[in-house]
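A quick write-up on the structure given underneath.
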There are 2 protein chains.
Amino acid sequence: MARTAEEIAAVLRDRIQSGELQPGDRLPTMDALADEYEVNRQTARTALNLLKNEGLVEYKGGRAGTVVRERPAARMVRSRGMERDNLGYYSGANVQHWRLIEGTQTEVTTEPIPADIAGYLGIEPGTPVVARKRANGDPEVPAHRQLTDSWLHPEAVAAVPVIAGSSGLGGIYDRIEEHFEQPILWEEEITAINPSPDEAAALLLPPGVPLLRVIRTSTVKVDGRPLVVEVNDIRMSAELFSVRYPMTRKGAARWPVQPASADFYTS
Amino acid sequence: MARTAEEIAAVLRDRIQSGELQPGDRLPTMDALADEYEVNRQTARTALNLLKNEGLVEYKGGRAGTVVRERPAARMVRSRGMERDNLGYYSGANVQHWRLIEGTQTEVTTEPIPADIAGYLGIEPGTPVVARKRANGDPEVPAHRQLTDSWLHPEAVAAVPVIAGSSGLGGIYDRIEEHFEQPILWEEEITAINPSPDEAAALLLPPGVPLLRVIRTSTVKVDGRPLVVEVNDIRMSAELFSVRYPMTRKGAARWPVQPASADFYTS
DNA sequence: TAGTGGTCTAGACCACGGC
DNA sequence: CCGTGGTCTAGACCACTAT
C-alpha cells in the first residue's frame, strides 16, 4: 500500500497516463486520498501538489475540486522564415493578425543589457542599450501570446539613428540594409527555460509549463567582420507552440550527393 | 515583514538575481529563516522548496545545506543542418564524438506508436511500428547527453525492409533515397516540455530544468504526395543546450528585394 | 451553506554528509 | 557526532465556488 506522497502521486500519475482518468475528470479529494491510503491530509495534499507542479492536474476552485488538465491536443506550429509585405520584413506568416495585448504598450527604454543578450551582441554586460519590449497575441485566443524584447547594438544605433525611434519594428531591417548596402543574415537559436513569475503571469502560463525561447540575431558584415545589429528575444508557452525549420544540406550533403568511393572505406 | 512562504521566497529570489547571493553561496537555513521572519520551520521550508523547484538553489546534503545553484554560463549551441561523411548522413557536427551512454543499449522494438508521433507519420495512434531508442552523449562530459527515439513509417519499412534492421541509423537515409530515387526533405520542429521522472533520471536533470525536444521528420514524395518515412524524437536538457538554424528568406523577402512601389502605401 | 484546496503552526522522527 | 533538509502526523483557520 502506498504510504508516501511520492507513491500516491505515482499511482495517480499512472491512472492519468493510462487514460483511466480523462482530461476534465475529477481526482479524489485530499480527504478521500487520506482515507484511502491511511495518511494525513497534508500528505495527500503533497501528492496532489506534485501533480499540479507537473502540469498534469489543476485546481478548479471550491467545490469543483482538482481535475485532470485539458491539454492542447496539438501545438500551433510556427514555420519560421523571413517574409515581406509592402510594409517590410516580418517573420511567421501565421501570426500576422496578432496585436498588442490589450492594456499593454510597447516600451522603448535605454537600459543595462543582461549578460545573456550581451553575449550575442558581443558587448559588455550592463552596457546601456536601446530596448523595445512588447506583449502581443491573437485577439481571438487569449492564451496565444508571446513576449518580444528587441535589443539594438549601440554601433547600429550610432550608424542608423532612426532605428532607435519608437516606430514599429517593421522598418528597421530595411533601414539597416539600406545603410550597410547588404542583406541581413538572420539566425534563430531556440532553447527553453522555466518562466519567472512575471513571465508566467504575462503569458497566462499554468504551473508546470516551460517557456519556449527563440532568439533571433540580425547580422551584417562591417569591414569584413560580422556585426550583430539586433537581438530579438521571443518567449512563448512551450505547451501551446512549437517552431519549425527546414534543415539545410551542408557540404557533402548537398544534393545530388556524390557516392563515396570504395577507397574511403578501406582507408 | 514577509510572513508567507511566497514572500520569503521572493526576498531570497531577489537576493540571488541581484547577485548578492552568488552561485555556490549558502542560503540561510530553514531554522534561520523561521527565526528571522518569525514563522514556523515548515513555512521556511516551503519557501526554500519553491526556489528549488525553480532550479535556483539545490540542497547539497547534510551540513552543506542549501546553496545557489551553479548554472552553466552558456549553453552549448548546436547548429542544425544535415551533413555527410563516408559513412552517410548525420546531423550536428559538434557531437560526432558522442557515444552510447555506458551501460545502455540501442533498443529496437515494434511497439504501439504514441499519439503525438503518430500525428507526424499520419497513421493511427497505437499502430505497431518499428522504434529504435538510444541514449548517447559525450564520454568526457557526463551531463552532455540526449535521448533519441526513431520511429519508422510502416509503408517505408514495407518498401525498404532493410531499414528496420538493427544497423545504426547512418545508412537508412541512403537506402531510402536510393529506393525512392529522390532527396529526402528534412524538417525539424522544436518545443519543450517538463521531463517525466524517467527522462529526468536518464538525462541527469536537476529539478526545475525543462526538456528541449527536437522532432525531425524525413519526407519523400510518393505518387505526388508527401510520405513521412521517419520521425526522430531527440530530447536534451534545455539548460545545457540550444539549437540554431539559419533563417530562410521566403517569397518577397528573397534577396535582392524589390522595393514596394508608392502605390502600395496609398491603396 | 457546504465542500474543496491553501496555508500556517507545532512537534516528531528520519536520512544524509561533513566534522 | 550533530546540523542540515525531508517527511509525516495533527489541528486550525482561510478563500473560493458551486449549490
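All values below were derived from every heavy atom in this structure, side-chain atoms included, with hydrogens, water molecules and symmetry-related copies excluded. To find a chain, count down the sequence lines: A is the first, B the second, and so on, and within it residues start at 1.
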* Asked: If you measure from CG on A/Leu205 to CG on A/Leu240, what distance do you get to the nearest 0.5 Å?
  -> 8.0 Å
* Structure fact -> Nearest-nucleotide check on DNA chain D, B/Leu27 vs A/Glu6; residue mapping nearer the 5' end is B/Leu27
* Which pairs count as ring-ring contact (aromatic ring centres under 6.0 Å, His included) when at least one residue sits in residues 93-118 of chain A, sequence neighbours excluded? -> A/Trp98-A/Phe241
* For B/Thr46, which contact category applies under a 4.0 Å heavy-atom criterion: base, sugar-phosphate, or nothing? -> nothing
* **Separation of C/dA10 P from B/Asp31 CG (nearest whole Å)** => 14 Å
* Per-nucleotide protein contact string for nucleotides 12-19 of chain D (B base, S sugar-phosphate only, - none; heavy atom under 4.0 Å) -> B---BBB-
* To do: Tell me yes or no: between the side chains of A/Tyr245 and B/Glu189, is some donor less than 3.5 Å from an acceptor?
  => no
* **SB check A/Asp138 A/Arg145 (cutoff 4.0 Å)** => no
* Asked: Are the side chains of A/Gln146 and A/Asn136 in touch, meaning some heavy atoms are under 4.5 Å apart?
  -> yes
What side-chain donor-acceptor pairs closer than 3.5 Å can you find for residues 53-70 of chain A, not counting sequence neighbours?
residue	atom	partner	partner atom	Å
A/Glu54	OE1	A/Arg13	NE	2.9
A/Glu54	OE2	A/Arg13	NH2	2.7
A/Tyr59	OH	A/Gly62	N	2.8
A/Arg69	NH1	A/Gly55	O	3.2
A/Arg69	NH1	A/Glu239	OE2	3.4
A/Arg69	NH2	A/Glu239	OE1	2.7
A/Arg69	NH2	A/Glu239	OE2	3.4

* Asked: What residues form a ring-ring contact (aromatic ring centres under 6.0 Å, His included) with A/Trp186, not counting sequence neighbours?
  -> A/Tyr89, A/Tyr173
* Asked: Nearest-Å distance, CE (B/Met30) to C1' (C/dA10)?
  -> 13 Å
* Structure fact -> note: B/Glu38, atom CD; C/dC8, atom P; distance rounded to Å ~ 15 Å
* End-to-end bend of the helix from C/dT1-D/dA18 to C/dG18-D/dC1 (five-pair axes, 10° rounding)? -> 10°
* Sequence neighbours left out, what pairs pass salt bridge (Lys or Arg N to Asp or Glu O under 4.0 Å) with at least one residue falling in residues 96-112 of chain A? => A/Glu111-A/Lys133
* Asked: Could you give the OH-to-C1' distance, from A/Tyr37 to D/dT7, as a whole number of Å?
  -> 18 Å
* Quickly work out the B/Ile8 CD1 to C/dT9 C1' distance and round it to whole Å. => 13 Å
* Which whole-number value in Å describes the distance from A/Arg45 CZ to D/dG6 P? -> 16 Å
* Inspect the contact between A/Arg134 and A/Asp149 and indicate whether a charged nitrogen and a carboxylate oxygen are less than 4.0 angstrom apart. => no
* Distance, rounded to the nearest Å, where A/Glu58 contributes CD and C/dG5 contributes P -> 14 Å
* To do: Figure out the CG/C1' separation between B/Leu33 and C/dT9, and round it to whole Å.
  => 17 Å
* Could you tell me whether the phosphate oxygens of D/dT9, OP1 or OP2, come under 4.0 Å of any side-chain nitrogen or oxygen in A/Thr43? => yes
